[in-house]
Number of protein chains: 2
Amino acid sequence: MGRTAGRSPEDTRRALLDAAGEVIRTRGINATLDDIARHAGVSKGGLIYHFASKDELLREVARTLLAAFRAEVDSHLDPDDTAPGRFTRAYVRALLAPAQDPAAARRSLALLSQLSTIPAVAELVDADTERFNAELAADGLPTDVMLLVTSAADGVSSAPMWGASTTGPEYRRLEDRLIRLTHEPSLWQSLPWSS
Amino acid sequence: MGRTAGRSPEDTRRALLDAAGEVIRTRGINATLDDIARHAGVSKGGLIYHFASKDELLREVARTLLAAFRAEVDSHLDPDDTAPGRFTRAYVRALLAPAQDPAAARRSLALLSQLSTIPAVAELVDADTERFNAELAADGLPTDVMLLVTSAADGVSSAPMWGASTTGPEYRRLEDRLIRLTHEPSLWQSLPWSS
DNA sequence: GAAACTGTACCGACTGGTCGGTCAAGTTTT
DNA sequence: AAAACTTGACCGACCAGTCGGTACAGTTTC
């Protein structure tokens, strides 16, 4: 049998990538190639035709995920905002928005952390992290303020991983104040930190 | 062949638990029963005698891990400290102390997140999280301050997972200021948060 | 324009190997 | 002797990756 439907190879490839993400999210990293293939309407042989090995498939899934997150942050960049802290604000908003759907956030985080056990993927993640940190560091905010704000955002976004819910109004309030700190970092810096 | 050495069954059990943690930390959740058993100086059959299934073994490992973390927090409780925020301070210190060995922190987090893919373990983790959150909420601090402080601590402790290093002096400074906020929550609350 | 040829996309039976769990038998402790 | 403990050969399920094929879509030849 030849091409199953009027589907282009690129479509198939993407379908496989999507299916892999979905299946791994529910069945863990031990998901079967056969499972993933079926889910994409393809046989295992067809999958292997597009991705030479399971590792290669998972690496591509990770790459897609990281790219999606980066796009998410970019989409939160305010075009009218040119003040220092502009990127940090987008970062915070991107991290705290999905906090309203903790179940989904948990699945995504679990997926990435599972994938990170593959050395090649861990390298990708490390590189991406480094790039984010560099951009954050160059965002024009005092290091201490930037670190507080991004750490808090990281904390909220990782909370669902341990089963905590992050939907309450106190989280919205926190987001609001973190954003405000990036607008007026002096608020934080001028506090009487004396011993 | 019977008992290998003058080791008591309880010792063997503990050795198996330790070996499981160690092997899984390096080889992932797919670590072999045989591997774990050998590492503890026991055969696979011997392992199964003590833990009926791999799931049961992993569940015990998770339980041990969670207990260890709780003990870690407890060990950071200052006996002379009776002011509000006492528990929060211990929590922050417990989370930021291992931040000085990010590699180890990463392995531990990876281990727990791997284990969390087992439903029974996920339940354990959820229950533990809930208990921590309840204790933090009852610690006498304004919700907003407690949330900021613990979120930031969570963020720092989860950073190694993505490959970030958390050894710099700016992290020590952050810890210092978070602790200080718990002593004087009014610092945060009295900031001009006006729109 | 049709027959012959070529390359891409895909199929699914099969192989080689891994691993969780069983079990009969042996050894030590009580 | 009974109970507790440990062994390692073995079974069966599962699974990644291989491989010989099939089916279409061009392309070339006559």
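Computed from heavy atoms alone, side chains included, the values below leave out hydrogens, waters and symmetry copies. Chain A is the first sequence line, chain B the second, and so forth, proteins listed ahead of strands; every chain is numbered from 1.
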key: Residues touching DNA chain C, which here means a heavy atom under 4.0 Å, drawn from residues 13-31 of chain B   =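 Per residue number, the list reads B/Ala31.
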
Flag for B/Asp176-B/Tyr171: side-chain donor and acceptor within less than 3.5 Å =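 Judged by distance alone, the side chains do not pair up.
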
key: Distance-only donor-acceptor check, side chains B/Ser158 and A/Asp154, under 3.5 Å   =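 Result is no, nothing qualifies.
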
Can you tell me the distance, in whole Å, between the [atom1] atom of [X] and the [atom2] atom of [N]?
{"X": "B/Asp34", "N": "C/dG20", "atom1": "CG", "atom2": "C1'", "answer": "11 Å"}
{"X": "B/Asp11", "N": "D/dC5", "atom1": "CG", "atom2": "P", "answer": "12 Å"}
{"X": "A/Phe51", "N": "C/dA9", "atom1": "CZ", "atom2": "C1'", "answer": "14 Å"}
{"X": "B/Leu57", "N": "C/dG21", "atom1": "CG", "atom2": "C1'", "answer": "13 Å"}
{"X": "A/Asp55", "N": "D/dA16", "atom1": "CG", "atom2": "C1'", "answer": "11 Å"}
{"X": "A/Glu56", "N": "D/dA16", "atom1": "CD", "atom2": "C1'", "answer": "14 Å"}
{"X": "B/Leu33", "N": "C/dG20", "atom1": "CG", "atom2": "C1'", "answer": "6 Å"}
{"X": "A/Ile48", "N": "C/dG12", "atom1": "CD1", "atom2": "C1'", "answer": "13 Å"}

Can a side chain N or O of [X] be found less than 4.0 Å away from OP1 or OP2 on [N]?
{"X": "B/Thr12", "N": "D/dT6", "result": "yes"}
{"X": "A/His50", "N": "C/dT8", "result": "no"}
{"X": "A/Tyr49", "N": "C/dC10", "result": "no"}

Which nucleotide in the set [options] lies at the smallest distance from any side-chain heavy atom of [X]?
{"X": "A/Lys54", "options": "D/dA16, C/dG21, C/dA9", "answer": "D/dA16"}
{"X": "A/Val42", "options": "C/dC11, D/dC15, C/dG21", "answer": "C/dC11"}
{"X": "B/Arg38", "options": "D/dG8, C/dC19, D/dA16", "answer": "D/dG8"}

Using 4.0 Å as the upper bound for N to carboxylate O, is an ion pair formed by [Y] and [X]?
{"X": "A/Glu170", "Y": "A/Arg173", "result": "no"}
{"X": "A/Arg63", "Y": "A/Glu60", "result": "yes"}
{"X": "B/Arg70", "Y": "B/Asp74", "result": "no"}

message = Within the 4.0 Å heavy-atom criterion, would you say B/Ser43 contacts the bases, only the backbone, or no part of the nucleic acid?
response =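 Touches a base.
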
query = When B/Arg25 is tested against each of B/Gln114, B/Arg107, B/Arg106 for side chain to side chain contact (heavy atoms under 4.5 Å, CB included), which residue passes?
reply =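 Result for side chain to side chain contact (heavy atoms under 4.5 Å, CB included) with B/Arg25: B/Arg107.
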
Exercise: identify the closest heavy-atom pair between B/Val156 and B/Thr166 =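 That closest heavy-atom pairing would be O-CG2, 3.8 Å.
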
inquiry  = I want to confirm an ordering. Mapping A/Ala52 and B/Leu47 to their closest nucleotides on DNA chain D, which one lands closer to the 5' end?
reply    =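 The residue mapped nearer the 5' terminus is B/Leu47.
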
request  = Confirm from the modelled atom types if B/Lys44 and D/dG8 form a donor-acceptor pair under 3.5 Å, side chain to base only.
outcome  =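 When only heavy-atom distances are counted, B/Lys44 does not reach the base of D/dG8 through any donor-acceptor pair under 3.5 Å.
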
